[in-house]
2 protein chains.
Amino acid sequence: MEKDTNTEVKIKDAARKLFHKKGYAGTKTRDIAEEAGINLAMLNYYYRSKERLFQQIMEESITKIFFSIQCVLNDTASSISEKIDKMVSVYIDILSENPNLPIFILGEIQANPENITKKIGLSEDLILKTSLYKQLKAHVKEKGLENLNVLHIPINLLSMTIFPFVAKPILNSVSGMNESDFKQFVNERKTLVPMWVKSMLKID
Amino acid sequence: MEKDTNTEVKIKDAARKLFHKKGYAGTKTRDIAEEAGINLAMLNYYYRSKERLFQQIMEESITKIFFSIQCVLNDTASSISEKIDKMVSVYIDILSENPNLPIFILGEIQANPENITKKIGLSEDLILKTSLYKQLKAHVKEKGLENLNVLHIPINLLSMTIFPFVAKPILNSVSGMNESDFKQFVNERKTLVPMWVKSMLKID
DNA sequence: GTCTATAGACTGATAGAC
DNA sequence: GTCTATCAGTCTATAGAC
């Protein structure tokens, strides 16, 4: 067991912060060392190389954004309505604490599609095989919405939940929002987004 | 007048492609030269520096994604409904031809918020002072939706329109979509997204 | 305008002292 | 484990021939 401010942890925390903000190519190992308050040589002592350090950060990031909600999507005990509420709430909490996470992952995938999508297990299990997806398929049939491609629904849910965070700096500029305004705006969406999505499904 | 495949244009086309995909830090001048089929020295002959070339690409990109729809948003002759239809349609066409544009701009802003937001004129004119925004303010009052912060509406419109493009590589992996499936999926949204947003506003 | 060759600065990584 | 010093490779940019 190590104390929670030891060198290894400090390096990873600094790396996460800088990789998330600047991406792999935009982050220099010297910047990570400076941010962590340690020597450049320590980075290679603990993590062998910039590439290996990046892989660790990327794996943790993928886990956080893709697998955090899997238990919600696959809870066979909960209804569609409950899953929608929970999903939006969980995501908004995650993104509030990791605002740079979505652009980081999407940017790295765009720059290097083969590496990222292959390395991580992005299979059809993530959406098509979830309990939520099966419930949605049954629901649209029951409600006479057969013409609706069900995939639009989770996409809308994720769109309206994630997009305000990726557009946050622009929102600040074009609407004069400050940090506190943004917090309130996003908090309103915890109830609004589920309401809108349920309306698309004729729930309630 | 120059022929449309001259060196200067070839360099800019190559630079746009690579900057959009890899970002500023991830793009090397040698890669731009190779992609353009010209010599590295030519890049500096025509554009002085990587930084200046990037600024030109960035300005064009900002114009394309922010100012292309300003005429739609400020058309005093059209209704809210017509503006929504047009906005989604125009954006989907732009993004279909420039799929890497949103992540490029959002990524550069995240990496360097001061530079980008300040350099470009991201004032309140872009949304708060548009004809659409005024129409929306009047509409929610008329429909008894005063409790709704109007800003949620354009955010939802942009969310549901742009997000499928930024998540395209993930969508391919998790849903088995190919290029043709994606085209159809996005095309469906040209009618679905306006329908959903109008429903939020109790239009129709 | 276009090329080759190279200068000059930066970056990732390591050797070796402590 | 931590530091300083430095190597080897890469990157942007330019000088100079044609």
Side-chain angles (χ1 to χ4, degrees), chain A residues 1-61 104 107-108 110-112 115-116 119, chain B residues 1-61 104 107-108 110-112 115-116 119:
Chain A
M1 203 51 157
E2 303 161 320
K3 51 187 161 113
D4 58 356
T5 53
N6 69 9
T7 303
E8 192 168 359
V9 172
K10 279 193 289 187
I11 293 172
K12 189 185 273 190
D13 288 342
R16 186 182 305 107
K17 176 177 173 183
L18 289 176
F19 279 140
H20 277 196
K21 181 172 161 62
K22 305 260 191 181
Y24 179 78
T27 301
K28 311 305 169 192
T29 52
R30 280 172 172 77
D31 298 335
I32 296 175
E34 189 186 5
E35 175 74 28
I38 52 94
N39 192 276
L40 171 60
M42 288 294 87
L43 191 151
N44 294 89
Y45 176 77
Y46 281 107
Y47 293 96
R48 298 266 316 269
S49 72
K50 177 188 179 184
E51 175 67 23
R52 281 172 180 270
L53 177 53
F54 176 78
Q55 291 303 339
Q56 289 200 25
I57 300 296
M58 177 54 84
E59 280 184 29
E60 291 177 11
S61 302
F104 165 67
E108 296 298 331
Q110 178 159 296
N112 229 326
N115 280 18
I116 313 288
K119 184 160 299 179
Chain B
M1 202 51 159
E2 302 160 319
K3 51 188 160 109
D4 58 356
T5 54
N6 69 9
T7 303
E8 191 168 0
V9 172
K10 279 193 289 186
I11 293 172
K12 188 184 275 191
D13 288 342
R16 185 182 305 107
K17 177 178 173 184
L18 290 176
F19 280 139
H20 277 195
K21 180 172 162 62
K22 304 261 191 183
Y24 179 78
T27 301
K28 312 304 169 192
T29 53
R30 280 173 171 79
D31 298 335
I32 296 175
E34 189 186 5
E35 174 74 29
I38 52 95
N39 192 277
L40 172 59
M42 287 294 89
L43 191 152
N44 294 88
Y45 176 78
Y46 282 107
Y47 294 96
R48 296 269 314 273
S49 71
K50 178 188 178 183
E51 175 67 24
R52 282 173 179 269
L53 177 53
F54 176 78
Q55 292 303 340
Q56 289 201 25
I57 301 296
M58 177 54 82
E59 280 183 30
E60 291 177 10
S61 302
F104 165 67
E108 296 298 332
Q110 178 158 298
N112 229 326
N115 280 18
I116 314 288
K119 185 159 299 179

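All chains are named by letter (A, B, ...) in the order of the sequence lines, taking the proteins before the strands, and each is independently numbered beginning at 1.
- Annotation: side-chain hydrogen bond (donor to acceptor under 3.5 Å, both in side chains) contacts of B:Y47 (sequence neighbours excluded): none.
- Using cut-offs of 30° and 60° for the angle between ring planes, the B:F19 and B:Y24 rings count as parallel.
- Contacts of B:L43 with the nucleic acid, taken as non-hydrogen atoms under 4.0 Å apart, are absent.
- Rounded to an integer number of Å, the gap from CG of A:N44 to P of D:dA8 is 17 Å.
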Given B:Q55 and B:E51, is the side-chain hydrogen bond (donor to acceptor under 3.5 Å, both in side chains) satisfied, shown in steps?
-> CA-CA 6 Å; B:Q55 292 303 340; B:E51 175 67 24; 2.6 Å; yes

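- In the set D:dA13, D:dT4, D:dG1, the nucleotide with an atom closest to the side chain of A:A41 is D:dT4.
- Paired with A:Y46 under the rule side-chain contact (heavy atoms from CB on, under 4.5 Å), one option of A:K10, A:E8, A:K12, A:R52 passes, and it is A:E8.
- For B:L40, the side-chain atoms get nearest to D:dA13 when compared with the rest of C:dG12, D:dT2, D:dA13.
- The two atoms that bring A:T27 and A:L18 nearest to each other are OG1-O, 3.2 Å, heavy atoms only.
- Of the listed nucleotides (C:dT2, D:dT2, D:dA13), C:dT2 has the atom at the smallest distance from the side chain of B:T7.
- The residue A:R30 sits close to a base: some heavy atom pair falls under 4.0 Å.
- Following rounding to the nearest Å, B:Y46 (OH) and D:dT14 (P) show an atom-to-atom distance of 17 Å.
- In this structure, the NZ atom of A:K50 is 12 Å from the C1' atom of C:dC10, given to the nearest Å.
- Taking atom OH on A:Y45 and atom P on D:dC3, their separation rounds to 12 Å, with Å as the unit.
- Contacts of residues 15-28 of chain A with DNA chain C (heavy atom under 4.0 Å): A:T27, A:K28.
- For the pair B:I11 CD1 and C:dT2 C1', the interatomic distance rounds to 11 Å; values are reported in whole Å.
- Of the candidate nucleotides D:dG1, C:dA15, C:dC3, D:dG1 has the atom lying nearest to any side-chain atom of A:M42.
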